[in-house]
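Labels below follow one simple rule: chain letters A, B, ... track the order of the sequence lines, proteins then strands, and each chain is numbered from 1.
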Protein chains: 2
Amino acid sequence: MGRARKSSTKRATLADVAKVANVSAITVSRVINQPGKVSPELGQRVQEAIDMLGYIPNQSASSLASARSGVIGVSIPSLSNVVFNDVLRGIYDVAGASDYKVLLVDTHYSPLEEEKMVRTLLSQSPEAMIITGGDQTRACERMLAKAGMPVVQIMELLEQPLDMNVGFSHYQAGYDVALKMLATGCNQLGFVGARMDARVQQRMAGFVDALRAKNKLNQEYIVTTPEPSSIALGGELFRSLLSASSGAVDGIFCCNDDLALGALFESQRMNIKIPTEMSLCGFNDFETSAYVNPSLSSVHVPRYEMGVKAAEMIINVLNDKGVADKTLDIGFEVILRQSSRASVPPQ
Amino acid sequence: MGRARKSSTKRATLADVAKVANVSAITVSRVINQPGKVSPELGQRVQEAIDMLGYIPNQSASSLASARSGVIGVSIPSLSNVVFNDVLRGIYDVAGASDYKVLLVDTHYSPLEEEKMVRTLLSQSPEAMIITGGDQTRACERMLAKAGMPVVQIMELLEQPLDMNVGFSHYQAGYDVALKMLATGCNQLGFVGARMDARVQQRMAGFVDALRAKNKLNQEYIVTTPEPSSIALGGELFRSLLSASSGAVDGIFCCNDDLALGALFESQRMNIKIPTEMSLCGFNDFETSAYVNPSLSSVHVPRYEMGVKAAEMIINVLNDKGVADKTLDIGFEVILRQSSRASVPPQ
DNA sequence: GGGGCTAATGATAGCGCAAACATTGGGTGC
DNA sequence: GCACCCAATGTTTGCGCTATCATTAGCCCC
């Protein structure tokens, strides 16, 4: 099958182009990679041969010969979590502008799978890597160190980054949310979390520590599950927390906006008044959160910028421009909306 | 900078491993690629050498020597549109299970950029390609044809697919939505669309044709914009349509759930009763749509399955298993919820 | 006007791996 | 006991490209 094909059955090579243009192979290579080094007339002749043959360079051969792949490896925990979309967009935008390709893998939130995926990425000889968080296995860290390439860890701020780091403090964000919710008059604060990956745990730790510091911590008001987040789950956990607290809770910090929206929609169905009977705050600031009624308080994170900065750091290092600071705190902002007591006008 | 590095400064090669294990290079290659062909003792010895050196195969060299890259190229119009996430997840799940890597590019909804990106993908010598829709440039089609590899076009059903095709009829979906909305008692139907890519245009065409067939078409009730969709935009377009129709419209088909949710939230703020004064229907069936109050009618599409099927088709062809049918209609389902007159119980 | 430059092009070699073919050393059948 | 076969391992070669080192021709300077 597929034997018969128009024109030559095999992909054209540099040598084919060279023959047609009546030049040496290396000249064709230069027309493609260093056009300035070839005289305009010859360049044009070669270009015509390239077009005629529909020549597309073989990147494997190029990588092998030059030890440069033009690939940046990126590892994220989940393709379905919208949060990573914006980051990815930032990475792709910057990488694309510099003619780097992005090889993307999904670790399903598992360090072991991450290790396997990083191995896969490394086998492609990327020139740099962007990975999520700091939960790598020892073996994974060793591979990365051995590879000796620029690495950026994103999403969170690490104590001891492998190399470079762009993120923000989830702990501080959780802490700030607690303080703000207390300031708006909540007295019985609860926490709802799902998936419970490292970053969610940090948010929770900050939230809990703040409550403890203010002597407002009630362990029974903390509901978590390893299940992945969803709006449906947010509704369920909301009900769980209500019954666990016998309805005493008057404010809930949900570890992300999925859960928070689920809680908000469920509270509407249960006829619980928001924010008068119940305050809600999410995390990640989805677009929906700003427009739902009542609008949802959340923590805004400049995710696109985080991706951009991570990619820029890498491009700079690859171009020997150096990097001012190996660690960048991209920050966050707690945004109080109508789902919080001291409500502000929409948007 | 970065000169000093632990252990050998260069990545270990097959030959290095071979020397340590005191075997030939090809034996090491076999341990990795065809373990059954090596005796267990030797295999073990080689494996130890691999572990000791932290050897990671060089995929570029492997691709060059074997003419197999293990890469599937995937091209989607947008990284930020959630719709493609589920499809991608399906593709990644199937590809990963068969040890194929996915190289993903983003065309920003531009056929010209798609052409450039396809060229980039082809330079990586993928073994197959998954691309979105049927709007390729002539040059792009030519490249793909010349490459002579399996290609699956996804998201929509094409009249003349380049090769294989998995999708559904956006036209039919739009048509069905119109009929269903009319059946629930709407009389003055409007359409709101953004981005207006090929698929949105097909939905609109189906919707419009159905209205025309029922003699219910009013061109003034059609509001579109080339801007990308968002919830915010949904609210704006909703207002536009209301004023364009002097408030006469009693049902709106939004080309996606972003716009529809924006319209729904805006209608709440304007105190327009849904569905009694206004019916709404979106497209894509986001999770939010099922849980928002009132819940939003939408068109459900099995996106994850679409990704899975596309990847499976490719894997089958690559394994010479053949494919039953080169075109697969994955279908859709119009789901009426509380935002439609003949409302059904939530969920 | 000759030494020494640069710009433009070419020849050669080798990147790391696997395909293809070669070799070895038992087993197997009768 | 001998022809045959297969399993296990090795040798050679080349995939398509670019780094490196020639080579040539023009050119500048004093």
Q: Between Arg68(A) and Ser60(A), just flag the one whose closest nucleotide in DNA chain D comes earlier from the 5' side.
A: Ser60(A)
Q. Can you find a side chain N or O atom of Thr27(A) that sits less than 4.0 Å from OP1 or OP2 on dG10(C)?
A. yes
Q: Provide, to the nearest angstrom, the distance between the CD atom belonging to Glu41(B) and the P atom belonging to dA8(D).
A: 10 Å
Q: For Gln124(B) and dG16(D), give me the distance from atom CD to atom C1', rounded to whole Å.
A: 14 Å
Q.
To the nearest 0.5 Å, what is the distance between CD1 on Ile50(B) and CD1 on Ile56(B)?
A. 11.0 Å
Q.
Which nucleotide wins on minimum distance to the side chain of Thr13(B), given the candidates dC17(D), dG16(C), dA19(C)?
A. dG16(C)
**Q.** Side-chain donor-acceptor contact under 3.5 Å, Asn316(A) with Glu312(A)
**A.** no
Q: May I have the distance from Ile50(A) (atom CD1) to dC17(D) (atom C1'), rounded to whole angstrom?
A: 14 Å
Q. Does a side-chain N-to-carboxylate-O contact under 4.0 Å join Glu141(A) and Arg138(A)?
A. yes
Q.
dC15(C), OP1 or OP2 - any side-chain N/O from Ser66(A) closer than 4.0 Å?
A. no
Q) CZ of Arg11(B) to CG of Asn58(B): how many Å apart, nearest 0.5 Å? A) 4.5 Å
Q.
Any side-chain N or O of Ser62(B) below 4.0 angstrom from OP1/OP2 of dG16(C)?
A. no
Q | Euclidean distance, atom CG of residue Leu42(B) to atom C1' of dT9(D) [Å, nearest integer] | A | 8 Å
Q: Answer yes or no: does a side-chain N or O of Ser24(B) lie under 4.0 Å from OP1 or OP2 of dT9(D)?
A: no
Q) Counting side-chain heavy atoms from CB outward, which of dT9(D), dT9(C), dT18(D) is closest to Leu14(A)? A) dT18(D)
Q.
Rounded to whole Å, please give me the gap between CG in Asn22(B) and C1' in dG10(D).
A. 12 Å
(Q) Can you tell me if Lys10(A) touches the phosphate of dG16(D), counting only side-chain N or O atoms and a distance under 4.0 Å to OP1 or OP2? (A) yes
Q) Between atom CG in Leu64(A) and atom C1' in dG14(C), what is the gap in whole Å? A) 9 Å
Q) Counting just side-chain N and O atoms, does Asn33(A) come under 4.0 Å of either OP1 or OP2 of dT18(D)? A) yes
Q: Using the closest heavy atom to pick a nucleotide of DNA chain C for each, name whichever of Val23(A) or Ser63(B) lands nearer the 5' end.
A: Val23(A)
Q: Over all heavy atoms of both residues, which pair between Glu114(A) and Asp135(A) is shortest? Give the atoms and the distance, please.
A: OE1-O, 4.0 Å
Q.
From CD of Gln34(A) over to C1' of dT9(C), roughly how many Å is that when rounded to an integer?
A. 13 Å
Q | Distance in angstrom units between Arg30(A) CZ and dT18(D) C1', rounded | A | 10 Å
(Q) Measuring from the side chain of Ile26(A) (C-beta onward, heavy atoms only), which nucleotide among dG16(D), dA19(D), dG16(C) has the closest atom? (A) dA19(D)
